[in-house]
There are 2 protein chains.
Amino acid sequence: MEPGERIVIIKADGSLLVHRSTGYEPVNWMPGGNTFCSVQTKEQTLQIRVQRKRPAEAVNVIFDEIQFVASLILSDAGEFSLYASEEDMQKAVLLKPELLEERFKPIAYEKKVEPGFVDVYGEDKDGKFVVVEIKRRTAGKEAVMQLARYLEAVRGRTDREVRGILAAPGTGKDVLRTLAALGLEYKHLDPRKCAETITRVSTRKLADFLKGS
Amino acid sequence: MEPGERIVIIKADGSLLVHRSTGYEPVNWMPGGNTFCSVQTKEQTLQIRVQRKRPAEAVNVIFDEIQFVASLILSDAGEFSLYASEEDMQKAVLLKPELLEERFKPIAYEKKVEPGFVDVYGEDKDGKFVVVEIKRRTAGKEAVMQLARYLEAVRGRTDREVRGILAAPGTGKDVLRTLAALGLEYKHLDPRKCAETITRVSTRKLADFLKGS
DNA sequence: ACGTCGATCTCGAAC
DNA sequence: GTTCGAGGTCGACGT
């Protein structure tokens, strides 16, 4: 790679990004994860080497000149939202059924039906059965199909009316249309609110970050 | 998007990158190009808005707190290669035919033949005619086809042997194979060297950058 | 201008 | 672990 003035970012997970003055994509990079980073000075240059095992490859960055350096530790709320796993969201719905809808009564979770396990299974205010499929993040078509299969299985075992609800922080393209076409419903479910429901600790910490240290 | 400590980069082309402390991908972004950027302060926050027309969308960045700011102008060799337009590269080959090959003698440029205009037209050291197609960046299949058409046209007007040369800084996938299959040749032509040939000014500047100010 | 396709794709989730 | 599908994919190429 030819020399030029660049912005180099080394992240906490070992990711390396080399950016030019234009363009969305980095001109060179190394994804985070199984990376090993080493630094040395050599003939008036600073050399940084980042390598990984699989695939076996390495990126060497050679600094002839350094305009400025900054070292930061970023405290990011996003890392906390990782704490809201699909399991946490399930627990949250069980603890606070109104997150899903008013007067919803959970009956079972991880209930075995033919194709697999239903995330949450319950009863709505009118006594209709409700099958809930929960996704941690944007739900795609496969989530819809999963829900549809479970719904089919449950309907085969009862004469009562059965509703199917897909609960996720968002939906992919066409998912809402597909749901409507199959007579299914969508409910927005925020992973962060779910996390707050099962533990208040992380909220407190988040507030600290916003006020600054 | 939930708040957290981030690294925000606004590039010269209007690209916006918002990075977290981990991962290759930006957590939010706006590609460069048709973007319009505005800044305002509001209720103790700094707000940056970047929007584009097609697709119609915008990204708002709200700073509750700023750890540090840096404004840089990056002088990158890549930008200099922009200064070497296809026309410049053509001039460079005319001024310094050895950029293409030893003892190449240009006869005409932008010469009209049936399908359009041949970039450079000349004669090699053995007296064979040479048709040159120049591309300022990575040449794709369409460049090969263009060259092939011109070559066909020229061959129809002479009994002398005619060579076809594609000159570019690089080639796309399969282009070299296609060239070989059609009996055409490829010559690496560096836009930067072409730019240096037609004017020494930029070279001097680049050298300054590398040595530091 | 709009679709299709490749990428050092990256990034998860399912299996 | 490996494979598979999605992405606001981005960019390049073809029509």
Side-chain angles (χ1 to χ4, degrees), chain A residues 1 9 11 13-20 22-35 50-61 78-79 81-90 110 115-117 119 133-147 149-150 168-175 178 191, chain B residues 1 11 13-35 50-61 78 135-146 168-175 178:
Chain A
M1 192 76 205
I9 298 175
K11 292 197 181 186
D13 61 348
S15 310
L16 171 76
L17 303 172
V18 181
H19 273 275
R20 306 196 135 170
T22 62
Y24 159 82
E25 286 188 328
V27 63
N28 207 334
W29 73 92
M30 187 71 92
N34 313 321
T35 55
V50 183
Q51 50 193 322
R52 64 170 170 179
K53 286 270 167 63
R54 215 182 55 255
E57 54 189 14
V59 174
N60 292 335
V61 182
E79 299 187 58
S81 56
L82 285 179
Y83 286 40
S85 63
E86 180 168 323
E87 191 185 347
D88 290 333
M89 292 175 70
Q90 200 180 105
E110 292 292 343
F117 292 87
D119 285 344
E133 177 65 30
I134 296 178
K135 287 295 169 204
R136 242 192 99 238
R137 41 178 224 164
T138 305
K141 290 169 199 164
E142 78 293 347
V144 179
M145 297 314 295
Q146 219 172 328
L147 176 57
R149 281 199 303 273
Y150 292 148
T171 63
K173 203 108 183 178
D174 293 331
V175 164
T178 312
Chain B
M1 192 75 204
K11 291 196 180 186
D13 62 348
S15 310
L16 171 76
L17 303 172
V18 181
H19 273 276
R20 315 190 127 163
S21 59
T22 62
Y24 158 81
E25 289 186 326
V27 63
N28 207 335
W29 72 93
M30 187 72 92
N34 312 322
T35 56
V50 183
Q51 50 192 323
R52 63 170 169 179
K53 285 269 168 63
R54 216 178 47 259
E57 54 188 10
V59 173
N60 292 334
V61 182
K135 288 293 169 205
R136 56 172 288 280
R137 42 179 220 165
T138 306
K141 291 168 198 165
E142 79 292 347
V144 179
M145 297 315 293
Q146 217 171 329
T171 63
K173 204 110 184 179
D174 294 329
V175 164
T178 312

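- Using bins of under 30°, 30° to 60° and over 60° for the plane-to-plane angle, the ring pair A/His19/B/His19 lands in the perpendicular bin.
- Within 6.0 Å of CG on B/Asn34 lie no more than 12 heavy atoms contributed by other residues, nucleotides or ligands.
- For the atom pair CG (A/Asp119) and CD (A/Gln146), the distance works out to 7.0 Å, reported to the nearest 0.5 Å.
- At whole-Å resolution of the value, CG in B/Asn34 and P in D/dC10 are 13 Å apart.
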N/O contacts under 3.5 Å, protein versus nucleotides 2-9 of chain C?
unit_1	atom_1	unit_2	atom_2	d
C/dT8	O4	A/Asn28	OD1	2.5

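- Atom pair A/Asp119:CG and C/dA13:P shows a separation of 13 Å (rounding to whole Å applied).
- With C1' as the reference atom, C/dG6 and C/dT10 are 14 Å apart, rounded to whole Å.
- B/Lys11 places a side-chain N or O within donor-acceptor distance of the main-chain N or O of A/Gly23, the cut-off being under 3.5 Å.
- In this structure, the CG atom of B/Leu16 is 16 Å from the C1' atom of D/dC10, given to the nearest Å.
- By the side chain to side chain donor-acceptor pair (under 3.5 Å) test, A/Asp13 is found to be paired with A/Ser15, residues two or more places apart in sequence or in another chain being considered.
- In this structure, A/Asp13 atom CG and C/dG12 atom C1' are separated by 15 Å, rounded to whole Å.
- Here the side chains of A/Met89 and A/Lys135 are not in contact, with every heavy-atom distance at 4.5 Å or above.
- Map B/Gly23 and A/Lys135 each onto its nearest nucleotide of DNA chain C; the residue landing nearer the 5' end is B/Gly23.
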Between the protein and nucleotides 13-15 of chain D, list the N/O to N/O atom pairs that are separated by less than 3.5 angstrom.
unit_1	atom_1	unit_2	atom_2	d
D/dG14	OP2	B/Glu142	OE1	3.0

